[in-house]
Amino acid sequence: MHRYRRSMTGVTTLVLTLIDPVTTLHAQSTSSPREGRRFRADSFWVRSWVRGGPVEPELFVEPRQLRVADGVVFVLDLGTREVIAMDVDSGRTRFSLSARGEGPGEFKRPALLVGNGSQFGVLDHATSRLTLFGANGAMMRNFPIPDAANVESACVLSGGHVLVKATGVREAVRLIDSVGRVQFKHSLPVADPNIVPPTFLMSANYAGPTADDRCALVPLYGRRWFTVDTRGLLVPHPFIEPGADPTARVDTKALDKSWRGEMRRQIQTSTMSPISRGALQVGDTLLVPAGATRRSPHRLLDYYLISSGRYLFSRRLPTTFTALAVGPNGTFFGAVIGDETSWVIALRPAKHAAKRR
């Protein structure tokens, strides 16, 4: 069970208790109760390299996001406000970009990594700017992003447009052009349009874009994920194991009263578990790290076709990752944040037969 609390300060607290695995693996709520996951035979994982941990404790503090571009895996460390670029084959550090300022190619408070083919982008909350870099770290261009402090995910399209997912507002799906103008705003469908769900219940992640400039938008809660195109059309697709529609309880407590006004604290609580923990994309394939599953919670990876929304198959993950990325050759990169040390691990799926060698 997961319990989330949000106060006036915007801080969300998560208490996580894993559920014991059960023998069945059917979807929680689908029109066809017999439908379940199909697992690939190559769910045995082979480790390629490990960086960080007790051997290199100074390398990572809080690696929260990973992206892969042109043979390089990029790590956003929120603890050091640094982007570290490592070789996908060896894990060797190629270069790093640190928070320095507001000049061209600089950032002060990096909050989001975005992948775009052979480039990667850094969204800076301090400057309200998304900067694209080449895989060698050279600056390519800047995108002004209005209200960047409320952007939780982004998808860079061709032609200098960016799809963003904002938090705390109903019209959260937005297309921004190359000069920072908002081209459209759309809302994610909710069960009851008269109720404004808490921000954390409407959280979602982008993956993409595909070759035809579509992005996958994967909510953390609910029954569906979406594809979004440059016209703003949201097409829903069901999860293989859907979750419940977002609901939460809101409690308000008066902290201080005077003749001038009243100070209140609002706490939003939900006992629902997130159905997804992120979104990855390779070609036309969407990979969703599954959250609240009946079996192996937070350690399943579901594959879908972005073009049709069709479920393909699943893989079991070896552990629960803080962040996960995948390269075009099928190698995965996972971040693990520990109490004292943190790691970034490269691993690849192989058939079970490899385990006996």
Side-chain angles (χ1 to χ4, degrees), residues 40 65-74 88 112-123 130 132-135 140-141 143 145 151-166 172-178 183-186 188-189 203-220 222 224-240 275-290 301-315 323-333:
R40 291 290 296 264
Q65 295 192 17
L66 306 176
R67 291 293 184 272
V68 181
D70 200 20
V72 182
V73 56
F74 299 94
V88 296
L112 184 66
L113 272 185
V114 180
N116 184 30
S118 61
Q119 302 174 344
F120 73 99
V122 179
L123 178 66
L130 174 64
L132 279 185
F133 299 88
M140 307 300 291
R141 63 180 301 179
F143 296 86
I145 304 295
V151 171
E152 65 175 341
S153 188
C155 182
V156 180
L157 305 173
S158 63
H161 288 73
V162 183
L163 272 169
V164 302
K165 169 63 177 65
V173 181
R174 304 173 178 183
L175 180 69
I176 301 173
D177 65 16
S178 59
Q183 299 297 304
F184 64 68
K185 297 180 181 180
H186 293 298
L188 285 175
S203 184
N205 293 288
Y206 275 115
T210 60
D212 57 354
D213 256 1
R214 281 190 292 180
C215 300
L217 183 60
V218 182
L220 269 67
R224 300 168 293 176
W225 60 275
F226 304 85
T227 54
V228 190
D229 61 16
T230 55
R231 300 169 297 170
L233 179 65
L234 276 75
V235 180
H237 305 286
F239 286 115
I240 183 61
I275 196 63
S276 75
R277 288 176 58 88
L280 315 175
Q281 176 255 348
V282 178
D284 190 38
T285 304
L286 170 68
L287 291 69
V288 179
L301 195 60
D302 297 331
Y303 289 65
Y304 302 87
L305 273 180
I306 297 178
S307 56
S308 64
R310 181 168 62 92
Y311 166 75
L312 297 174
F313 56 86
S314 299
R315 282 193 172 106
L324 193 66
V326 58
N329 64 348
T331 300
F332 287 80
F333 306 91

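We're numbering straight along the sequence, starting at 1.
When atom types are taken as modelled, the side chain of Arg224 and the backbone of Pro236 share no donor-acceptor pair closer than 3.5 angstrom. A donor-acceptor distance shorter than 3.5 angstrom exists from the side chain of Ser153 to the backbone of Tyr206, with no hydrogens or angles considered. When atom types are taken as modelled, the side chain of Tyr304 and the backbone of Ile240 share a donor-acceptor pair closer than 3.5 angstrom. Counting only distance, with no hydrogens or angles, the side chain of Gln119 and the backbone of Leu132 share no donor-acceptor pair below 3.5 Å.
Across Asp212, Thr285, Leu286, a single residue satisfies side-chain contact (heavy atoms from CB on, under 4.5 Å) together with Ile306, and that is Leu286. Considering Val235, Asp213, Leu233, Val173 in turn, Val173 is the only one that fulfils the side-chain contact (heavy atoms from CB on, under 4.5 Å) rule with Val228. Checked against Leu217 for a side-chain contact (heavy atoms from CB on, under 4.5 Å), the options Thr227, Leu188, Asn205 give a single hit: Leu188.
Atom CZ of Arg231 and atom CG of Leu175 lie 12.5 Å apart (nearest 0.5 Å). Distance CG/Leu163 to CZ/Arg214: 12.5 Å, rounded to 0.5 Å. Rounded to the nearest 0.5 angstrom, Gln65 CD and Leu324 CG are separated by 12.5 Å. Taking CG of Leu157 as the reference point, atom CD1 of Ile176 lies at 11.0 Å (rounded to 0.5 Å). Rounding to the nearest 0.5 Å places CZ of Arg174 at 9.5 Å from NZ of Lys165.
In this structure, Phe226 and Pro219 have side chains that are in contact, with non-hydrogen atoms separated by less than 4.5 Å. Side-chain contact between His161 and Thr230 is absent, with no heavy atoms from C-beta onward closer than 4.5 Å.
Contact record, Cys155 with Pro209: SG-N, 3.6 Å, taken as the closest heavy-atom pair. Pairing each heavy atom of Arg277 with each of Ala290, the nearest pair is CD-O, 4.1 Å.
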Exercise. For Leu130 and Val156, what are the C-alpha separation, side-chain angles and deciding distance, and is it a side-chain contact (heavy atoms from CB on, under 4.5 Å)?
Worked result: CA-CA 10 Å; Leu130 174 64; Val156 180; 3.8 Å; yes
For this session: Carefully, step by step, assess Trp225 and Val288 under the rule side-chain contact (heavy atoms from CB on, under 4.5 Å).
Result: CA-CA 10 Å; Trp225 60 275; Val288 179; 5.7 Å; no
Exercise. side-chain contact (heavy atoms from CB on, under 4.5 Å) between Val218 and Phe239: does it pass, once the steps are laid out?
Worked result: CA-CA 10 Å; Val218 182; Phe239 286 115; 3.8 Å; yes
For this session: Just do the side-chain contact (heavy atoms from CB on, under 4.5 Å) check on Phe332 and Leu301 with the steps written out, would you?
Result: CA-CA 11 Å; Phe332 287 80; Leu301 195 60; 3.4 Å; yes
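Considering only residues two or more places apart in sequence or on other chains, Val88 meets the side-chain contact (heavy atoms from CB on, under 4.5 Å) condition with Val68, Val73, Phe333. Remark: Leu305 engages Asp284, Ser307, Ser308, Arg310, Leu312 in a side-chain contact (heavy atoms from CB on, under 4.5 Å) (not counting sequence neighbours).
Using cut-offs of 30° and 60° for the angle between ring planes, the Tyr303 and Phe313 rings count as parallel.
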